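None of the values given here were measured: they were computed from a predicted structure.
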Amino acid sequence: MNNCNSNSSAKDFYLIGFPALQDFQIPLFLVFLLFYLLILIGNIIIIAVVVVDQTLHKPMYFFLTNLSVLDILFTTTTIPKMLTMFLVNAKTISFHVCFLQMYCFHSLTVTESLLLVVMSYDRYEAICNPLHYPVKMTKRVNILLAACAWVTALLIPIPVIFQTSQLTFGETTRVYHCFCDHLAVVQAACSDFSASFQTFLGFSIAMTVSVVPLTLVTLSYVHIIISILKINSKVGRSKAFSTCTSHLIVVGTYYSSIAVAYISYRTDMPIDIHVMSNVIFAILTPLLNPLIYTLRNKEVKCCDPALDRGM
């Protein structure tokens with residue numbers, strides 16, 4: 001039971017990790033180290049290929065580079081701390097570092113949602129308005145769209161994170177998670193109305209920043225599909241749709257992992273399932289994005305001999 005009488009200036013959080021897997025710390029370390037290295041290597045390759053090859057200096061690949069940078073930052077927010085937990089049992093994290101990690105994790109989550117919206121808008125303009133596409137999607141507009149996604153996402157979590165930091169915590173609070181996820185930290189706070197309200201508020205905002213972008217992506221693809229169906233040539237329809245498949249797979253993967261994480265929080269499941277579902281959300285999309293975009297994209301594959309040989 002957490003001691004709720006301590007001064008707020010002297011708090012630490014103790015990350016429990018996976019309660020049922022305490023005897024498997026080294027295997028967990030090796031698995032997550034492998035995932036982290038694959039994420040870093042895959043996304044760095046995409047960034048390097050897009051930057052070096054002039055033929056890939058297009059809006060779609062500019063946004064893809066943003067997504068790769070985001071995935072590197074997103075996983076670096078959580079996995080290095082998890083690796084130290086598994087390797088040397090460093091499960092304590094300070095109050096301020098915990099909330100910094102929480103802010104980074106959730107702001108980058110929102111950034112990914114908004115970048116996926118921007119990428120779907122790019123595909124909408126490319127397919128539904130091909131003649132106006134070069135005029136509308138200029139370099140300046142691309143930078144503006146990406147900057148709006150990043151800045152908006154960095155601002156959205158601030159009020160909730162700040163209010164959560166004002167909750168009452170024990171001197172050493174046990175958090176049943178591998179990192180400082182908002183709901184896990186709120187559930188570890190001393191039980192009162194504020195904690196219950198923060199749980200409700202956090203879940204409501206999370207649903208909003210997930211559902212609204214998903215709705216915008218869906219609307220974009222409804223118009224895209226309608227436009228594709230109007231193309232007379234079967235080859236033309238196939239070519240138009242092929243430019244969207246990678247993005248559609250990424251969107252499906254991203255929102256499927258979010259759905260699993262949300263369901264695990266709202267149902268009565270063992271704590272390890274709760275933790276694992278959120279960890280899967282944190283690593284699945286960054287791990288699969290490079291594979292999806294390289295294996296499904298001929299332009300990227302032909303620019304990277306190593307990827308082409310791998311096929």
Parallel, tilted or perpendicular: which describes the rings of Phe35 and Phe32, with under 30° parallel and over 60° perpendicular?
perpendicular
Quick check: do Leu145 and Tyr121 have side-chain heavy atoms less than 4.5 Å from each other?
yes
Tell me whether the rings of Phe74 and Phe105 are parallel (<30°), tilted (30 to 60°) or perpendicular (>60°).
parallel
Heavy atoms only: give me the nearest Leu108-Thr77 pair and the separation to one decimal.
CD1-OG1, 3.6 Å
Taking the hydrophobic residues Ile, Leu, Val, Met, Phe, Trp and Tyr, and joining any pair whose side-chain heavy atoms are under 4.5 Å apart, which ones share a cluster with Val222?
Ile226
Please report the closest heavy-atom contact between His57 and Val51, naming both atoms and the distance.
NE2-O, 3.1 Å
I need the full list of disulfide (SG to SG under 2.5 Å) pairs touching residues 49-97, with sequence neighbours left out, sorted by first then second residue.
none
Between Tyr254 (side chain) and Leu284 (backbone), is there a donor-acceptor pair under 3.5 Å?
no
Would you check, one step at a time, whether the test side chain to side chain contact (heavy atoms under 4.5 Å, CB included) holds for Phe179 with Val279?
CA-CA 9 Å; Phe179 54 86; Val279 169; 4.2 Å; yes
Between Asn142 (side chain only) and Thr138 (backbone N and O only), is there a donor and an acceptor less than 3.5 Å apart?
yes
Is there a path from Ile225 to Leu214 through hydrophobic residues (I, L, V, M, F, W, Y) whose side chains come within less than 4.5 Å of each other?
no
Verify the ring-centre separation between Phe99 and Phe95: is it less than 6.0 angstrom?
yes
Holding to side-chain hydrogen bond (donor to acceptor under 3.5 Å, both in side chains), I want the full list of residues that pass it with Tyr176, two or more places apart in sequence or in another chain.
none
Please give me the minimum heavy-atom distance between Tyr255 and Pro213, naming the atom from each residue.
OH-CB, 3.4 Å
Side chain to side chain, Tyr133 and Asp122, heavy atoms closer than 4.5 Å
yes
Taking the side chain as C-beta and beyond, is there a heavy-atom pair between Phe162 and Gln166 under 4.5 Å?
yes
Residues forming a side-chain hydrogen bond (donor to acceptor under 3.5 Å, both in side chains) with Thr253, sequence neighbours excluded:
none
What side-chain hydrogen bond (donor to acceptor under 3.5 Å, both in side chains) pairs are there with at least one residue in residues 31-49, not counting sequence neighbours?
Tyr36-Thr76, Asn43-Ser68
Ile224 side chain near Cys244 side chain, heavy-atom distance below 4.5 Å:
yes
From CA spacing to verdict: side chain to side chain contact (heavy atoms under 4.5 Å, CB included), Thr164, Leu167
CA-CA 5 Å; Thr164 303; Leu167 295 175; 4.1 Å; yes
State yes or no: do Val52 and Leu64 share one hydrophobic cluster built from I, L, V, M, F, W and Y residues joined by side-chain heavy-atom distances below 4.5 Å, directly or via other members?
no
Between Thr285 and Ser257, what is the shortest heavy-atom contact and its length?
OG1-OG, 4.0 Å
The reported gap from CD1 in Ile156 to OG1 in Thr109 (rounded to nearest 0.5 angstrom) is 11.5 Å
Connected via hydrophobic side-chain network under 4.5 Å: Leu229 and Ile127:
no
Answer with yes or no whether the hydrophobic clustering places Leu114 together with Leu219; edges join I, L, V, M, F, W, Y residues whose side-chain heavy atoms lie under 4.5 Å apart.
no
Return each pair, listed once, that meets disulfide (SG to SG under 2.5 Å) where at least one residue sits in residues 15-104; pairs must be two or more places apart or across chains.
Cys98-Cys180
Taking only residues two or more places apart in sequence, or in another chain, which ones meet Thr75 in a side-chain hydrogen bond (donor to acceptor under 3.5 Å, both in side chains)?
none
With sequence neighbours left out, what residues match Phe63 under ring pair (Phe, Tyr, Trp, His ring centres under 6.0 Å)?
none
What do the steps show when you test Asp53 against Leu56 for side chain to side chain contact (heavy atoms under 4.5 Å, CB included), and what is the final call?
CA-CA 6 Å; Asp53 195 285; Leu56 298 180; 4.0 Å; yes
Looking at every heavy atom in both Pro134 and Pro130, which two are closest together, and how far apart are they?
CD-O, 3.6 Å
Straight-line distance of Lys139 NZ to Leu144 CG, nearest 0.5 Å
14.0 Å
Going by the rule side-chain hydrogen bond (donor to acceptor under 3.5 Å, both in side chains), which residues pair with Lys91 if we only count those two or more places apart in sequence or in a different chain?
Gln22
Does any part of the side chain of Pro290, heavy atoms only, come nearer than 4.5 Å to the side chain of Ile46, both counted from C-beta?
yes
Any disulfide (SG to SG under 2.5 Å) involving residues 120-175? Give me the pairs, sequence neighbours left out, ordered by first then second residue.
none
Transitive ILVMFWY cluster of Val135 at side-chain heavy atoms under 4.5 Å: who else is in it?
none
How close do Ile16 and Arg174 get, heavy atom to heavy atom, and via which atoms?
CD1-NH2, 3.5 Å
Side chain to side chain contact (heavy atoms under 4.5 Å, CB included) evaluation trace for Met60 with Met119
CA-CA 7 Å; Met60 180 171 71; Met119 293 173 80; 5.5 Å; no
Output the distance between atom CG (Leu116) and atom CG (Leu67), rounded to the nearest 0.5 Å.
6.0 Å
Looking at side-chain heavy atoms only, is the closest gap between Val175 and Gln187 below 4.5 Å?
no
Side-chain contact, heavy-atom cut-off 4.5 Å: Phe86 with Phe18?
yes
Nearest-0.5 Å distance, CE of residue Met102 to NE2 of residue His177
10.5 Å
So how far is it from Leu38 CG to Ile41 CD1, rounded to the nearest 0.5 Å?
6.5 Å
Scan residues 205-224 for pairs that pass ring-ring contact (aromatic ring centres under 6.0 Å, His included), counting only residues two or more places apart or in two chains.
Tyr124-His223, Tyr221-His247
Could you give the distance from OG (Ser165) to CG (Leu100), rounded to the nearest 0.5 Å?
12.5 Å
I want to check something: taking the side chain as every heavy atom from C-beta on, are Leu15 and Thr92 in contact at a cut-off of under 4.5 Å?
no
